[in-house]
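Following: one structure in structure tokens, then a few remarks.
We name chains A, B, ... by the order of the sequence lines, and we start the count at 1 in each one. Bear in mind that the values here come from a model prediction, so they are computed numbers and not experimental data.
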Amino acid sequence: MPPVLPNLRVNVLFFGRIRELTGMAHETVEVHAGATLEDLFDKYATRFPQLTAFRASLVASRNQEFTSWNTPLSPNDDIAFLPPVSGG
Amino acid sequence: MPPVLPNLRVNVLFFGRIRELTGMAHETVEVHAGATLEDLFDKYATRFPQLTAFRASLVASRNQEFTSWNTPLSPNDDIAFLPPVSGG
Amino acid sequence: MKETAEHDRFELLKSPIDIAEVVRQVRADQDGAIVTFDGFVRNESHGRPTLYLEYEAYEPMALAKMREIGAQVHAKFAIHRLAIVHRLGRLEIGETSVFIAVSSPHRAAAFDACRYAIDTLKRTVPIWKKEYFEDGAVWADGEVPPAPPPAPKTAS
Amino acid sequence: MKETAEHDRFELLKSPIDIAEVVRQVRADQDGAIVTFDGFVRNESHGRPTLYLEYEAYEPMALAKMREIGAQVHAKFAIHRLAIVHRLGRLEIGETSVFIAVSSPHRAAAFDACRYAIDTLKRTVPIWKKEYFEDGAVWADGEVPPAPPPAPKTAS
């Protein structure tokens, strides 16, 4: 049995077609300590199976910086799964 | 003795430092038939010896088009000896 | 340059962009050149008539990325001041969605910097455009921002 | 394109250039991008404080050369409309001497065309600038326009 680690809370933000798909602009969720952005995404992909098709085109951000998917989450992180950008 | 050819009149325009040097914005002059722009310039260089120093930096125009110095003059041509341009 | 940072401008606006005012802000007597880029809403997209657009942004991150572009532009090009303003919300045909102005003593740097700023904005700033047509709406095809490589496993 | 030639603008002006009005003239709903170049009077030249400038032109030839630049720009770049306006006479510090605006469906062509237009204007349009300082005035160093080679001897 793995050691029981304290859970932590992160803020998740959704934009563009991902916001429309989940029906949420943001929410605060609990994840187990040591979880990565990829783990967090997988939780959402379970709740919203259509998300899986977008995974390859998404970029992850942590605290307003692009980051890699294997980054571990820290308490109160702002996390977003960003679709291709189309400003300008 | 060369054959006597009819003279012709051309309009000569002066700009920038060349206008200041000659003290004229334009004048109409008579040249002998067959004369080139170079011949016309040489007449001015005789009248205004300081012009000679500028010759290498000047570009000639005939009827609002850049032209070569050995172009023969035609009646009523608009001729100018243009200093380096500095618009913009 | 302290003066530079003070006069640069990075802004997300929900109301129309006052282009003349943005230009005035980058204009200074020691310069000689201003290059501007004005991106505005076309009346068609891939041959279909557009009705209007909606832009949304991850606002704090978009502003941070716009400021990053500013820092890169000052590091790369000999410019004086830079302004990048992006509009959000609903935009009608012909309305400006993005306006960039760059002042510089010499024109080459201003052209290079303005172009770098809009090219980089389109690839890296988290803003999204939805196009509304007679028969529906679509999120515009976008560009995938360059993502950092996977973080090395931390030795723990 | 007939429409293009009608809306292009080439002008020499003895009064201040109304920049907003020039931009409005090139702006059209089928475009998406406008790039502008604003050249204005710097407060110094080679380190000496400038008081003011005077511009003069060989007016009919300058206009002809500006129109030639317009034709070249349309031939080389996929742009929509182009405006080139140059001021003449006495200009104070900060006043615009030349303003160029280019509209295009896509930004790369607008940037390339605007830059080509100002670079070519500075090399080929017969306009001259005199700089006034505290202690005198000088004609600005200029560029020698590319001249045609000597005409071949006519067989007569």
Pairing of B:D77 and B:R62 as salt bridge, 4.0 angstrom limit: yes
Carboxylate-amine/guanidinium contact D:R9 D:E21, below 4.0 Å: yes
Toward chain B, the part of D:V125 with a non-hydrogen atom under 4.5 Å: backbone
Chain B contact via D:P149 - side chain, backbone, both or neither, heavy atoms under 4.5 Å: backbone
Contact leader toward chain D among B:A80, B:S57, B:G16, where contacts are heavy-atom pairs under 4.5 Å: B:G16
Proximal component of D:E143, with respect to chain B [non-hydrogen, under 4.5 Å]: both
Structural part of D:K122 lying under 4.5 Å from a heavy atom of chain B: both
Contacting moiety of B:T36, where chain D heavy atoms sit under 4.5 Å: neither
Side-chain ion pair, D:E131 and D:R48, N-O less than 4.0 Å: no
D:K14 with D:E59: basic N within carboxylate O range, under 4.0 Å: yes
Ring geometry between D:Y52 and D:Y132 (parallel below 30°, tilted from 30 to 60°, perpendicular above 60°): parallel
Note: B:R55-B:E38 ion pair, threshold 4.0 Å (strictly below): yes
Greatest number of heavy atom pairs closer than 4.5 Å to chain B - which of D:Y55, D:F37, D:F99: D:Y55
Salt bridge present between B:R9 and B:E27 (N-O < 4.0 angstrom): no
Largest heavy-atom contact set with chain B, pairs under 4.5 Å, which of D:G39, D:P126, D:G142, D:A147: D:G142
Engaged part of D:A62 at the chain B interface, taking heavy atoms whose separation is under 4.5 Å: neither
Which portion of D:Y58 sits near chain B, non-hydrogen atoms under 4.5 angstrom: both
Sidechain N-carboxylate O distance under 4.0 Å for D:E11, D:R87: no
Heavy-atom proximity to chain D below 4.5 Å, by part of B:E65: both
Segment of D:E68 engaging chain B (4.5 angstrom heavy-atom cut-off): side chain
